[in-house]
Structure formats: C-alpha cells, structure tokens
Amino acid sequence: MSKNKPINIDIKFMSPDGKTLEDRPDCHTIPIIKLLIRAGTKYNLYNPLPGGEVANVLALIDTGADDCYVDEAFANRLLMPEIGKTELMGATSTIESGVVNTQIKFSNSEEMFGTTMIKTPLRANGRKYDVIIGMKIIKLGALIMDPSRSIYTLTFRS
C-alpha cells in the first residue's frame, strides 16, 4: 500500500434483496465495499496469474470473520490455483476448502496487494457478494462505523 497517502474506502450497505444503498443503513443491511480482484500465482501471491482476469466484486466487511473468503465458483471461474487445503468449521458442519492466492485493489487505491483467501460456497448459499473481508485485512487499517454521525469508512496507512 502507498507509503504516505491514506487509503479511505467508503463503506456502502446492501439490503437483504441484494440492492446497494446510498443512504443510512438500517438493522437489516450489511456493510460492503467494492474491490478489484485477480488470481495470484500458485507460488507467489504478489505475482498475478499470467493472463488472469481482473474482476469487480462486492465484498462483505465482516468483523466476526478471522480470515478472508472468496466464492468457490467465482474462484474457479477466475482459475485461481489452490495452494493448499483448510477446514472450515461452522455451527452445524465442517468442510474442507481450498486456499488461494489473490490480489485485491480497493476503489481508492492505485495498488493491488496480495492476500490468501479460503474458497467457500457463498453464492450457492444465497449470498449476494463474492468476497468476505475479515479481520486478517481489517486489522491492517482502521474501521469506523459510527451511525450517529453517518461515518462508515475503512482506512489503511502504510
């Protein structure tokens, strides 16, 4: 990320029916941001997959998630090579999932940066977004969600 220039990402909200809202959220909306994403190579997440597609996605900001996740079908469509496997444990089941190298770019940034993500069936389970940004990335910046002042931002500094 840029050395001296903060990256401020405005957080939008999505209604349960998948519509992006510009105004003040209510209790049934979820915080989302727009990202660009592409596959990293199998052996180096900082190198883009040669010939790989760059895609616009909506990403859920999830302070309850430790890691970052990408929709399994979406990751397969972008030919993201798996670098390993992990187990995802939920309240009712445990599934084995692939881990992929990705590069993401926030809307107000000029740079792509690399991170690993875990493939999981988001859209197949009714989600309206392709990526979940968890604390692995959120903790690198400052998340402000202040409904009393209508301030919703995620800011990164080097």
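Numbers for residues simply follow the sequence, beginning at 1.
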Backbone of Leu122 reached by a side-chain donor or acceptor of Asp71 within 3.5 Å: yes

Let's go through Arg123 and Glu72 carefully: what are the C-alpha distance in whole Å and the side-chain angles of both, what is the deciding distance for salt bridge (charged side-chain N to carboxylate O under 4.0 Å, His left out) to 0.1 Å, and is it a yes or a no? CA-CA 8 Å; Arg123 295 266 181 178; Glu72 185 173 40; over 6 Å; no

[X]-[Y] co-clustered via ILVMFWY side chain contacts under 4.5 Å:
X	Y	answer
Phe13	Leu143	yes
Val131	Val99	no
Ile61	Phe156	yes
Ile83	Met80	no
Ile144	Met135	no

Please check if atom NZ in Lys139 has more than 12 non-hydrogen atoms from other residues, nucleotides or ligands closer than 6.0 Å.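 At most 12 heavy atoms, drawn from other residues, nucleotides or ligands, come within 6.0 Å of this atom.
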
Do Asn101 and Thr116 meet the criterion of a side-chain donor-acceptor pair at a distance under 3.5 Å?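 On atom types as modelled, these side chains do not qualify, holding no pair under 3.5 Å.
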
Under 6.0 Å between the ring centres of Phe113 and Tyr46? no

Measure the spacing between [atom1] of [X] and [atom2] of [Y] and express it to the nearest 0.5 Å.
X	Y	atom1	atom2	answer
Ser97	Lys85	OG	NZ	7.5 Å
Met14	Arg127	CE	CZ	11.5 Å
Ile132	Ile32	CD1	CD1	13.0 Å
Gln103	Arg38	CD	CZ	4.5 Å
Leu49	Leu78	CG	CG	9.0 Å
Ile30	Leu60	CD1	CG	5.0 Å

For Thr63 and Ile138, what are the C-alpha separation, side-chain angles and deciding distance, and is it a side chain to side chain contact (heavy atoms under 4.5 Å, CB included)? CA-CA 8 Å; Thr63 59; Ile138 295 169; 4.2 Å; yes

Is [Y] close to [X] at the side-chain level, that is, under 4.5 Å between some pair of heavy atoms?
X	Y	result
Leu35	Phe106	yes
Tyr69	Leu88	yes
Pro147	Tyr152	yes
Arg77	Glu53	yes

Thr20 and Lys34: side-chain hydrogen bond (donor to acceptor under 3.5 Å, both in side chains), yes or no, with the steps? CA-CA 11 Å; Thr20 303; Lys34 293 181 180 179; over 6 Å; no

If I compare all heavy atoms of [X] with all of [Y], which pair ends up nearest, and what's the gap?
X	Y	value
Leu45	Thr115	CD1-N, 3.6 Å
Lys128	Gly18	CG-CA, 3.8 Å
Ala39	Pro81	CB-CD, 4.3 Å
Pro121	Asn125	O-ND2, 2.7 Å
Pro48	Thr41	O-CG2, 3.5 Å
Ala55	Phe74	CB-CZ, 3.7 Å

From CA spacing to verdict: side chain to side chain contact (heavy atoms under 4.5 Å, CB included), Asp10, Thr153: CA-CA 5 Å; Asp10 288 329; Thr153 61; 3.9 Å; yes

I'd like to know whether Ile37 forms a side chain to side chain contact (heavy atoms under 4.5 Å, CB included) with Met117, so could you lay out the CA-CA distance, the side-chain angles of the two residues, the decisive distance to 0.1 Å, and finally the verdict. CA-CA 11 Å; Ile37 188 170; Met117 291 192 180; 4.1 Å; yes

Under the criterion side chain to side chain contact (heavy atoms under 4.5 Å, CB included), I'd like the reasoning laid out for Val70 against Ile118: C-alpha separation, chi angles, the key distance, then a yes or no. CA-CA 6 Å; Val70 62; Ile118 300 168; over 6 Å; no

Could you tell me whether Glu82 and Lys42 have a side-chain N and a carboxylate O separated by less than 4.0 Å? no

Could you go through Thr155 and Asn8, starting from their C-alpha distance and side-chain angles, then the distance that decides it, and tell me whether this counts as side-chain hydrogen bond (donor to acceptor under 3.5 Å, both in side chains)? CA-CA 4 Å; Thr155 303; Asn8 296 311; 2.8 Å; yes

